[in-house]
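To start, the structure under review is shown below, and the notes come after it.
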Amino acid sequence: MTTNERDDLLESLAAHRGFLLHTVQGLTDDQARQRTTVSELTLGGLIKHVARTERSWVDFILDGPAAMEMTEDSYAEHADGFVLREDETLADIVAEYEKTAQRTDELVRTLPELGATQPLPVAPWFPPGAQRSARRVFVHIVAETAQHAGHADILREAIDGQKTMG
C-alpha cells in the first residue's frame, strides 16, 4: 500500500495529538493547572496553547498574514494561551483542541494546493519578506505538537508517574 503526503501529514498529526492528549487523561482541573517543574508550564496550559497555535496557523493558511499580526492584544492573548484559568475546565480545553484538530484535518484533505504560500507577518522571529507554504505550516504544526507532547509527558510524569511512551 502507498500513501500520499496528505495521508502522511494526517497520520503524523493524529499520532502526536494522541501523545499530547494521553498526558491529560484522568486528570482533574486542579491537576491540569499544577506546575510540576520550575517552568510556568502546566498540562492544561499546554493543551490550550497547542490548540490556539494550530488554529492561528490554519487561519494564516486561509487568511494570510493578517491572521497572525502581533498587536498588544495578541501578545496578551498569547500569554493567556499558556494558562488554564479558573473559569476554564480541562474538558472544555480538550474539546476545543479536538474541534481545532478536525478543522485542520479537513483543510489538509481539501486544500487545493499544499504548495500555496502566504507572506509571513512582520515579527522579530520571522525573516523579512519570508513566506510559508501550507505544506510547511502543516509540518510546523506536527513539530509544535510533538515538542509540546514531550513537555507534557514530563509534566504528567511529575504528577503521578504516568509516562506517555512507557
Side-chain angles (χ1 to χ4, degrees), residues 6-63 66-111 121 123 125 132 134 136-166:
R6 291 174 195 262
D7 294 335
D8 290 342
L9 287 167
L10 291 168
E11 183 180 328
S12 293
L13 284 166
H16 294 295
R17 287 178 186 140
F19 292 139
L20 179 60
L21 289 173
H22 182 75
T23 66
V24 297
Q25 287 180 352
L27 292 183
T28 66
D29 291 340
D30 287 339
Q31 287 172 311
R33 289 185 189 94
Q34 185 178 343
R35 286 182 53 207
T36 62
T37 68
V38 296
S39 167
E40 295 288 325
L41 296 176
T42 68
L43 287 166
L46 279 175
I47 301 288
K48 185 176 172 181
H49 166 73
V50 172
R52 283 188 177 187
T53 300
E54 183 170 324
R55 195 166 40 253
S56 176
W57 278 109
V58 168
D59 290 345
F60 167 79
I61 291 170
L62 296 171
D63 302 325
M68 294 180 70
E69 284 182 334
M70 295 309 291
T71 64
E72 207 171 293
D73 289 342
S74 67
Y75 276 114
E77 185 178 319
H78 179 74
D80 178 64
F82 282 97
V83 177
L84 182 62
R85 297 186 319 262
E86 289 296 323
D87 65 333
E88 296 173 317
T89 68
L90 179 58
D92 289 343
I93 295 298
V94 167
E96 188 60 33
Y97 181 44
E98 290 171 341
K99 183 177 164 186
T100 297
Q102 289 172 354
R103 177 179 178 231
T104 302
D105 290 355
E106 184 61 23
L107 188 60
V108 170
R109 285 186 202 93
T110 62
L111 190 68
W125 46 87
R132 291 293 181 268
R136 187 164 174 188
V137 169
F138 291 134
V139 169
H140 176 76
I141 292 169
V142 170
E144 174 95 4
T145 305
Q147 176 182 2
H148 288 310
H151 295 147
D153 195 41
I154 292 166
L155 297 178
R156 177 59 189 259
E157 187 173 352
I159 290 173
D160 62 5
Q162 177 181 300
K163 297 176 185 167
T164 304
M165 301 297 289

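Side chains included, hydrogens not; waters and symmetry mates left out as well; all remaining heavy atoms used.
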* After noting the C-alpha distance and the side-chain angles of Arg17 and Asp105, does the key distance pass the side chain to side chain contact (heavy atoms under 4.5 Å, CB included) rule? -> CA-CA 12 Å; Arg17 287 178 186 140; Asp105 290 355; 2.8 Å; yes
* Asked: Between Val142 and His16, is a side chain to side chain contact (heavy atoms under 4.5 Å, CB included) present by the stated rule, with each step listed?
  -> CA-CA 7 Å; Val142 170; His16 294 295; 3.8 Å; yes
* To do: Evaluate the side chain to side chain contact (heavy atoms under 4.5 Å, CB included) criterion for residues Tyr97 and Val50: first the C-alpha distance (whole Å), next the side-chain angles of each, then the deciding distance (0.1 Å), finally the verdict.
  => CA-CA 8 Å; Tyr97 181 44; Val50 172; 3.7 Å; yes
* Determine, stepwise, if the pair Arg33 / Glu86 fulfils salt bridge (charged side-chain N to carboxylate O under 4.0 Å, His left out). => CA-CA 9 Å; Arg33 289 185 189 94; Glu86 289 296 323; 3.7 Å; yes
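For the atom pair CG (Asp30) and OG1 (Thr42), the distance works out to 11.5 Å, reported to the nearest 0.5 Å. Note: Arg55 CZ to Ile141 CD1 = 11.5 Å, rounded to the nearest 0.5 Å. Between the OG1 atom of Thr145 and the CG atom of Leu20 there is a distance of 7.0 Å, given to the nearest 0.5 Å. Interatomic distance, CD1 of Ile154 versus OG1 of Thr37, reported as 8.0 Å (0.5 Å rounding). Summarising the geometry, atom NE2 belonging to His148 is positioned 6.0 Å from atom OG1 belonging to Thr53; distances are rounded to the nearest 0.5 Å. Between atom CD1 of residue Ile47 and atom CD of residue Glu88 there is a gap of 13.0 Å, rounded to the nearest 0.5 Å.
Annotation: Glu11, atom CD; neighbour count of heavy atoms from other residues, nucleotides and ligands within 6.0 Å does not exceed 12. For CZ of Arg85, the number of neighbouring non-hydrogen atoms (other residues, nucleotides, ligands) closer than 6.0 Å is greater than 12.
Across every non-hydrogen atom of Ala134 and Leu111, the tightest pair is CB-CD2, 3.3 Å. Between Thr23 and Gln162, the shortest heavy-atom contact is CA-NE2, 4.3 Å. The two atoms that bring Met68 and Ser56 nearest to each other are CG-OG, 3.5 Å, heavy atoms only. Across all their heavy atoms, Thr28 and Leu90 have their closest contact at O-CD2, 4.4 Å. Gln31 and Ile159 get closest at one heavy-atom pair: O-CD1, 3.6 Å. When all heavy atoms are compared, the tightest approach of Ser39 to Leu41 is OG-N, 2.9 Å.
By the 30° and 60° cut-offs, the orientation of the rings of Phe82 relative to His49 is parallel. Between Phe60 and Trp57, the ring planes lie perpendicular to each other; the angle is over 60°, past the 30° to 60° tilted range.
No donor-acceptor distance shorter than 3.5 angstrom exists from the side chain of Ser12 to the backbone of Leu9, with no hydrogens or angles considered. Not one N or O on the side chain of Arg103 forms a donor-acceptor pair closer than 3.5 Å with the backbone of Glu106.
Checked for salt-bridge contact, Arg156 and Asp160 meet the test: a charged N lies under 4.0 Å from a carboxylate O.
A donor-acceptor contact under 3.5 angstrom links the side chains of Thr104 and Glu54, judged on distance only.
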